Undergrad: 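Mind having a look at this structure? Questions to follow.
We count ligands from 1, going down the list as the structure has it; atoms in each ligand are counted the same way. Heavy atoms only: backbone and side chains are in, while hydrogens, waters and symmetry mates are out. Because the structure is predicted, anything quoted here is derived from the model rather than measured.
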Amino acid sequence: MTGPHPASPADRPAWDLRACYRRGELSPSEVVDGVLRRIEAVEPQVRAYLYLDADAARREAAQWDRAAGAEDAPPLAGVPVALKDNLCTRGVPTTAGSRVLAGFRPPYDATVVTRLRRAGAIVLGKTNCDEFAMGSSTENSAFGPTRNPWDPDRVPGGSSGGSAAAVAAGEATLALGSDTGGSIREPGAFCGVVGLKPTYGRVSRYGLIAFASSLDQIGPFARDVRDAALLLREIAGRDPADATSAGVEVPDYPALLTGRVAGLRLGVVREFLQDGLDPGVAGAVGEAIRALERSGARRVDVSLPHAPYALPAYYIVAPAEASSNLARYAGVLYGHRTTRAADLIGMYARTRDEGFGAEVKRRIMLGTYALSAGYYDAFYLRAQRVRELIRREFAQALESVDVLVGPVAPTPAFPLGERVEDPLEMYLADVFTVPLNLAGLPGVSVPCGFAGDLPVGLQIAGRAFDEATVLNTAYALERALPAPGRRPRVVTAAERRSSPA
Ligand code: GLN
C-alpha cells in the first residue's frame, strides 16, 4: 500500500470500500471495473484465476450500486472476492486444480460461498491451486502455475497460491483459501498478504473438496488485518451441514481490534528459529518480535520439543486421509472418464491414471501404504500418537503464553521449478505451519518485512477459538511496523508489448 487511499479502487481494502460506498465516493460497479481492468493488465503474467466471470461480476455489482452505501447494507456489499477452486460453486466449474474434475459444475454452493453471497460479496471467479490442495507452490496444478506478483520467476506459494496472488496484485479485494498444512499461511507470506487459518471447526467445510478432513480448514486472504477479521466474521460459525463445525460463538472480530498488546505474553518458539532459516527471514521475524515488544508485549522463550516431528507425522496422516477421500474420483458420478477401457475395473484405473497428476498419485500410494494391514501400527498409529503429543504440547505452552510466534516458512518465495523434482524439499516449506493443523489451532501469517525484494510473514498462533487474540496481535504488528512503502510490481501486458524484445 502506498497510503490510506491508493489510486485504484483495486488496491483498497474492503473496509475502505464500504466507507467509500457510504460517502457516495465510489460505486460497486466502479470498483469491479477497476478490478477487472487490473485483471486484464496483470493476469497474462500472474495467472491467478482458473475461471473468471466478468459479466456476472458486473451484473452483481450493478445490483449493489444503489444499496451498497445504505446504513443497513450487508457487511461485504459490493466487495469483489475470489474463491480457491476447491470450493464448490453452484453451476460454476470447480476443478480443485485437477483434470479428474474436468467439466464438473457442482449442484450446490459451499456454505462459505452461501455466506459470502448473503453478506453481499461479488464472486469474481475461481483461483488456481495445487491439485487437490497438495503442494506448496501451485506448480502441482494441472493447469500450470501461478506466478508471484512480486517476482514472476518465483512461486506464489501454495496450495492456495492463486487466491494469495490475486489479493496481492489487486485482482480481488478479498479471497478464500484452504489450509491443511499451511496452504493459506505460506502463500500469504510469499505474496505479502494476510492469511488466516482458523481453529479446526471454526468455519464450515461443507462444499470444500476434501483433502485431509481432520486437518482442512477454510480461511481468509486479505490486504490487511482488519479485512481478514471482517471476512472471518462473515464465514465463521456452526453449520448443521458440517458435523465438525463448532457451536462456539463468533465474536465481532473487527470490533475487537484494539492494537493494544501491553502485557501480552508472546511465546517465541525456539525450535522455529533454528539454523537453516533464511537470514532475510530470520532478520524480518526478529525485527517483528522486537516491534511487538516495543508495543508492550512480553517476550517469553518457549520450547516445543516435539514440533520438529510434526512434518513427518503430517506426511503420514494427510496422505492417509487423502487416499480415502480421493477414492471417489472413479469416473462414475462426475468429472473425467476415460474413453479407453475394456471393462469396469479398467475404467476406474484408466480414469484415475489419466485424471490425477504425479503428486496426487504419490500421496494416494503413500497413504494407502500407511493404512495397509501390517503397516498401520508402524506408520498411521504412530503418526497419530505424535499428533496427540504435539496437540498437548501446544495446548500446554498456550497456558503460560497468549500467542506463539515464529516464521511462516524457512525461506521467502522460491524460484519456479526449483523444487518440482524434489518432493522432500517441497515438503520442507511446511515445517512451521503443519504443527498448527495437527493441533487444530488458529494461526495467521502477517506481512512483517522483506528478505531482499521478497515479502516475509510472521506466524502468530493462538489458543483454540481465540482468533481474536491472534488477529489483534497481528493488528498491533501492522501498526508498529513502518508501512511497507512498496507494492508488487507486475509487468503488465501493455508494458511487455511496448518493451523491446
Ligand atoms: N503443502 C502441504 C501439502 O502439500 C499443505 C497443503 C495444504 O495446506 N493444503 O500437503
Undergrad: Is ligand 1 less than 4.0 angstrom away from at least one heavy atom of Arg363?
TA: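 Per 4.0 Å heavy-atom rule, Arg363 contacts ligand 1.
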Undergrad: Side chain, backbone, both or neither: which applies to Phe211 and ligand 1 if a contact is any heavy-atom pair less than 4.0 Å apart?
TA: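 For Phe211, the contact with ligand 1 is made by the side chain alone.
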Undergrad: Exactly one of Arg115, Arg90, Arg117, Arg118 should register a salt bridge (Lys or Arg N to Asp or Glu O under 4.0 Å) with Asp109. Which one does?
TA: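 Going through Arg115, Arg90, Arg117, Arg118 one by one, the salt bridge (Lys or Arg N to Asp or Glu O under 4.0 Å) with Asp109 is satisfied by Arg117 alone.
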Undergrad: When you compare ligand 1 with Ser178, is there at least one nitrogen or oxygen pair between them that comes in under 3.5 angstrom?
TA: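 No, Ser178 has no N/O under 3.5 Å of an N/O on ligand 1.
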Undergrad: Knowing that exactly one of Lys84, Lys197, Arg185 qualifies, which makes a salt bridge (Lys or Arg N to Asp or Glu O under 4.0 Å) with Asp179?
TA: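 Testing each of Lys84, Lys197, Arg185 against Asp179, the sole residue satisfying salt bridge (Lys or Arg N to Asp or Glu O under 4.0 Å) is Arg185.
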Undergrad: Between Gly158, Ala429, Ser136, which one has a non-hydrogen atom sitting closest to atom 1 (N) of ligand 1?
TA: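 It is Ser136 that holds the nearest heavy atom.
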Undergrad: Could you tell me whether the side chain of Arg463 and the main chain of Leu398 form a donor-acceptor pair under 3.5 Å?
TA: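 Checked: pair present.
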Undergrad: Can you sort out which atoms of ligand 1 are near Met134, meaning under 4.0 Å from one of its heavy atoms?
TA: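 Result: 4 (O).
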Undergrad: Distance under 4.0 Å to a non-hydrogen atom of Asp430: what atoms of ligand 1 satisfy this?
TA: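 It comes down to these atoms of ligand 1: 1 (N), 2 (C), 3 (C).
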Undergrad: What residues, two or more places apart in sequence or in another chain, satisfy ring-ring contact (aromatic ring centres under 6.0 Å, His included) together with Phe414?
TA: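 Applying ring-ring contact (aromatic ring centres under 6.0 Å, His included) to Phe414 gives Phe190.
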Undergrad: Report the part of Ala133 in contact with ligand 1, treating N, CA, C, O as backbone and CB onward as side chain, heavy atoms under 4.0 Å; options are side chain, backbone, both, neither.
TA: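 The answer is both.
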Undergrad: Can you name the atoms of ligand 1, numbered from 1 with element, that are less than 4.0 Å from a heavy atom of Tyr315?
TA: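 Those of ligand 1 that fall under 4.0 Å from Tyr315 are 1 (N), 2 (C), 3 (C), 4 (O), 10 (O).
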Undergrad: Main chain of Gly331, side chain of Arg337: is a donor-acceptor contact present, judged purely on distance under 3.5 Å?
TA: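 Flag set: sc Arg337 to bb Gly331 pair under 3.5 Å.
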Undergrad: Work out whether the distance between some heavy atom of Gly135 and some atom of ligand 1 is less than 4.0 Å.
TA: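 Gly135: in contact with ligand 1 (<4.0 Å).
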Undergrad: In ligand 1, which numbered atoms sit nearer than 4.0 Å to a non-hydrogen atom of Tyr314?
TA: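 Here the atoms of ligand 1 in question are 2 (C), 3 (C), 5 (C), 6 (C), 10 (O).
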Undergrad: Nearest 0.5 Å please: distance from the OG1 atom of Thr127 over to the OH atom of Tyr51.
TA: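 Separation between the atoms: 14.0 Å.
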Undergrad: Mark up the atoms of ligand 1 that fall under 4.0 Å of a heavy atom belonging to Ser159, in ascending order.
TA: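 Result: 9 (N).
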Undergrad: Going by side chain to side chain contact (heavy atoms under 4.5 Å, CB included), name the residues that satisfy it together with Ala142, two or more places apart in sequence or in a different chain.
TA: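 For Ala142, the residues satisfying side chain to side chain contact (heavy atoms under 4.5 Å, CB included) (neighbours in sequence not counted) are Arg99.
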Undergrad: Just verifying a value: how many Å separate Ile235 CD1 and Leu116 CG, rounded to the nearest 0.5 Å?
TA: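 If I round to the nearest 0.5 Å, the distance is 7.0 Å.
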Undergrad: Can you find an N or O of Ser183 that's nearer than 3.5 Å to an N or O of ligand 1?
TA: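 For ligand 1, there is an N or O atom that lies under 3.5 Å from one belonging to Ser183.
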Undergrad: With a 6.0 Å cut-off on ring centres, are Tyr369 and Phe379 close enough?
TA: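 Judged by ring-centre distance (under 6.0 Å), Tyr369 and Phe379 do meet the cut-off.
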Undergrad: Which of the atoms of ligand 1 are close to Asp179, meaning less than 4.0 Å from one of its heavy atoms?
TA: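 Counting from 1, the qualifying ligand atoms are 8 (O).
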Undergrad: Under a 4.0 angstrom heavy-atom cut-off, which atoms of ligand 1 come close to Gly181?
TA: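 Those atoms are 5 (C), 7 (C), 8 (O).
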